[in-house]
Amino acid sequence: MTTPALLDDLLALDVLTLRQHTEAAGDSFDPAAHRQQLAASLADSQLLLVRGSDGSLHGYALLRRQSATHWFVGMLNVHPAHRHRRVLHALFQQLAALPGWAADSVLQSHVYRTNQASLQFHKKLGFIPEQQNDKAVALSIRYDTLNARLQRLLTKEHA
């Protein structure tokens, strides 16, 4: 069951980081509607969650299994003050532990074109653009590619 406090935390982070990109892409960002969308997504998605030692939300991801081998990233959001190795590592450890996540898995994502930081992050991880339009880019990556890139990035950042 989703708690109101969890929804409050997720919504606050999304308002902080996503509102600007959503509106710049020509869509509206209504916090009340977004809260309802988050609640619905939590009901049919896997939640990956990283909190700090003080309990504050550092980052989260919502992943929905679409088939035996395909997963969709409904949301991936990391607080700007916590975009570092520890949070990335924690999120991807949780991803690797998901039931059904396996060597033949494919992860798919959509990103607004206005969200250049996210597009660069996807590129750095090795996601491949599959489709695009004026508003967004659809990307995907295979497990083996993601795993190899993450190992290099996490080792490089740690050094």
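For the numbers below, each heavy atom of this structure counts, side chains included, while hydrogens, waters and symmetry mates do not. Position 1 is the first residue of the sequence; numbering continues from there.
- Pairing each heavy atom of A39 with each of L7, the nearest pair is N-CD2, 3.7 Å.
- Formation of a donor-acceptor pair under 3.5 Å by the Q132 side chain with backbone atoms of P129 is not found in this model.
- Distance check, rounded to the nearest 0.5 Å: CG of L13 to OH of Y60 gives 6.5 Å.
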- request: Verify side chain to side chain contact (heavy atoms under 4.5 Å, CB included) between V73 and L62, making sure each step is shown before the conclusion.
  value: CA-CA 6 Å; V73 181; L62 287 169; over 6 Å; no
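- Both F29 and M75 belong to a common hydrophobic cluster when Ile, Leu, Val, Met, Phe, Trp and Tyr are linked at side-chain heavy-atom distances under 4.5 angstrom.
- Side-chain contact between F127 and V137 is absent, with no heavy atoms from C-beta onward closer than 4.5 Å.
- What you find for L47 and Q94 is that their closest heavy atoms are O-OE1, 4.3 Å.
- For Y112 and D27, the side-chain atoms include at least one donor-acceptor pair closer than 3.5 Å.
- Contact annotation: the side chain of L6 approaches that of L49 to within less than 4.5 Å [non-hydrogen atoms, C-beta and beyond].
- Atoms NZ and CD1, from K123 and I141 in turn, are 13.5 Å apart once rounded to the nearest 0.5 Å.
- In this structure, CZ in R19 is found 11.5 Å from CG in D14, a value given to the nearest 0.5 Å.
- Between L63 and L76, every side-chain heavy-atom pair lies at or beyond the 4.5 Å cut-off.
- Taking both residues in full, the closest heavy atoms of T145 and G126 are given as CG2-O, 4.3 Å, listed atom of the first, atom of the second, then distance.
- Under the 30°/60° scheme for interplanar angles, the aromatic rings of H58 and H82 are found to lie parallel.
- A 6.0 Å sphere centred on CG of D104 holds more than 12 heavy atoms belonging to other residues, nucleotides or ligands.
- Taking OG of S140 as the start and CG of L107 as the end, the distance is 8.5 Å to the nearest 0.5 Å.
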Stepwise side chain to side chain contact (heavy atoms under 4.5 Å, CB included) check, L88 with V78: CA-CA 9 Å; L88 179 64; V78 178; over 6 Å; no
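- No donor-acceptor distance shorter than 3.5 angstrom exists from the side chain of H70 to the backbone of Q66, with no hydrogens or angles considered.
- No hydrogens or angles considered: a donor-acceptor pair under 3.5 Å links the side chains of S109 and H122.
- Residues R65 and P99 form no side-chain contact, since every pair of their non-hydrogen atoms from C-beta on lies 4.5 Å or further apart.
- The CZ atom of F92 sits 8.5 Å away from atom CH2 of W101, with the distance rounded to the nearest 0.5 Å.
- Within the 4.5 Å cutoff, the side chain of R86 has no heavy atoms near those of the H89 side chain.
- Taking the side chain as every heavy atom from C-beta outward, R83 and F121 never approach each other to under 4.5 Å.
- Looking only at distances, no side-chain donor or acceptor of S45 sits under 3.5 Å from a matching main-chain atom of L42.
- Hydrophobic cluster membership differs between I128 and L119, with clusters built from Ile, Leu, Val, Met, Phe, Trp and Tyr side chains linked at under 4.5 angstrom.
- Side-chain atoms of Q108 and L139, non-hydrogen and from C-beta on, never get closer than 4.5 Å to each other.
- The residue from N77, V50, D9 that alone fulfils the side chain to side chain contact (heavy atoms under 4.5 Å, CB included) condition with L57 is D9.
- Here F72 contributes atom CZ and S67 contributes atom OG; the two are 13.5 Å apart, rounded to the nearest 0.5 Å.
- A salt bridge links R35 to D8: one of the charged nitrogens lies within less than 4.0 Å of a carboxylate oxygen.
- Scanning both residues, H110 and A138, for their nearest heavy atoms gives CD2-CB, 3.4 Å.
- Side-chain contact between T22 and S28 is absent, with no heavy atoms from C-beta onward closer than 4.5 Å.
- The minimum heavy-atom distance linking K135 with A25 is given by the pair CE-O, 3.3 Å.
- Closest heavy-atom contact between G100 and S105: O-OG, 3.6 Å.
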